[in-house]
Protein chains: 2
Amino acid sequence: MTADAPITNVGADDRLDGPFEPNVFARDCGSRAAFEAITGRWTSLVLIALVEGPHRFGELRRRVDGVSEKMLSQSLHALEREGLLTRTDHGTLPPRVDYALTPLGVEVAGRLRALADVLQDTVPLFEAARAEYDGQ
Amino acid sequence: MTADAPITNVGADDRLDGPFEPNVFARDCGSRAAFEAITGRWTSLVLIALVEGPHRFGELRRRVDGVSEKMLSQSLHALEREGLLTRTDHGTLPPRVDYALTPLGVEVAGRLRALADVLQDTVPLFEAARAEYDGQ
DNA sequence: CAGGATCCGGAGCGATACTG
DNA sequence: CAGTATCGCTCCGGATCCTG
């Protein structure tokens, strides 16, 4: 991205009715930041896992196959920052911390869950597509 | 991930009715691969852009604010490989190549678009959540 | 059990230059 | 216009150790 290139995709792009129409395509839009947080490699899976209800740290680590403690912790912080989940420290010993979706988190995670369901139901199509593409 | 840790999250996890129930949480599941391809930083935005109809390379580059040519090209190949979009080279001069969603791509992209709409409509909530989190 | 701190290799990614 | 090739750097992310 050269500095002299005029960027006109920041504010109102396709619909210029409002003064500042939020636009995921725009780099500086708040929705884009939220979108990138949600579509993170691990964050999305964490959100989906929480659709079934609150989870503890260890539960999530076991549920999301392959995630390291570091990345799980990092993902949870990111999602908490975006207001998609809440962290509840019971302050007991041994420690117990629960992660649960906020109302907005429920809305978002539900859609991710639905998306994942579509993918799970069409696994054969993906296998075929990959084989086709790799074959030639 | 230690090697001796028994991983039992590969196949049937929460529902063990079928022989091999696809599971996004499982590392080796085809749906997980598709999910990671879809939720890539740029791939998701490309898919959303294509909901409005076929686009040329340059159009996409201008539409998806901040993407480099390299990453756009790479993202398009990945999505084509997953069978979510088709590439049509008209073979003319100057060259013209169109990218369009497959039926499966329409299904997936539509859901991403809906998700993005939610985020765009709740931008203020994210701003507030971030301010709250950063403040303390 | 919940996670912070640190090290470090490799993947991700942008910038630039070049081709048909 | 539609890409590919190459360089170089950032930072993702896993492994490991440590604490309350």
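Reckoned from all heavy atoms, side chains included, excluding hydrogens, waters and symmetry mates. Chain letters run A, B, ... following the sequence lines, proteins first and then strands; every chain starts at 1.
As a whole-Å value, the separation of B:E69 CD from C:dA15 P is 11 Å. When rounded to the nearest whole Å, the span between CG of B:D65 and P of C:dG14 equals 12 Å. One can place CD of B:Q74 at 12 Å from P of D:dA5, the figure rounded to the nearest angstrom. Residue A:L60 contributes atom CG, which lies 14 Å from atom P of C:dC1 at whole-angstrom precision. Regarding A:L72, its CG atom lies at a distance of 10 Å from the C1' atom of C:dG3, rounded to whole Å. The nearest whole Å value for the distance from the CG atom in B:L76 to the C1' atom in D:dT4 is 14 Å. For the pair A:H77 NE2 and C:dG3 P, the interatomic distance rounds to 7 Å; values are reported in whole Å. In this structure, A:E80 atom CD and C:dG4 atom P are separated by 10 Å, rounded to whole Å.
The residue from A:I38, A:T39, A:L45 that alone fulfils the side chain to side chain contact (heavy atoms under 4.5 Å, CB included) condition with B:T39 is A:T39.
Distance from the side chain of A:M71 is smallest to D:dG13 among D:dG3, C:dC1, D:dG13. The side chain of A:S73 lies closest to C:dG4 when the candidates are C:dA2, C:dG4, D:dA2. In the set C:dA2, C:dG14, D:dG13, C:dG14 carries the atom at the smallest distance from any side-chain atom of B:S68. The side chain of B:P95 lies closest to D:dC1 when the candidates are D:dC1, C:dC1, D:dG13.
Look at B:R32 and B:D28 and you find no salt bridge, because none of the NZ, NE, NH1 or NH2 atoms lies under 4.0 Å from a carboxylate O. Taking the charged nitrogens against the carboxylate oxygens, B:D98 and B:R56 have no contact shorter than 4.0 Å, which rules out a salt bridge. At a threshold of 4.0 Å, the pair B:R63-B:E59 does not count as salt-bridged, since none of the basic side-chain nitrogens sits closer than that to a carboxylate oxygen.
In plain terms, the two heavy atoms of B:L60 and B:A49 that are nearest each other are CD2-CB, 4.0 Å.
In this structure, B:R56 reaches the D:dA2 phosphate: one of its side-chain N or O atoms is under 4.0 Å from OP1 or OP2. A sub-4.0 Å separation between OP1 or OP2 of D:dA2 and a side-chain N or O of B:R96 is absent. At the phosphate of D:dG14, OP1 or OP2 sits under 4.0 Å from a side-chain N or O atom of A:R41. An OP1 or OP2 oxygen of D:dA2 is reached within less than 4.0 angstrom by no side-chain nitrogen or oxygen of B:H90.
Of the two residues near DNA chain D, A:K70 and B:P94, the one whose nearest nucleotide lies more 5' is B:P94.
No engagement by A:R61 is indicated, since no non-hydrogen atom pair under 4.0 Å with the nucleic acid exists.
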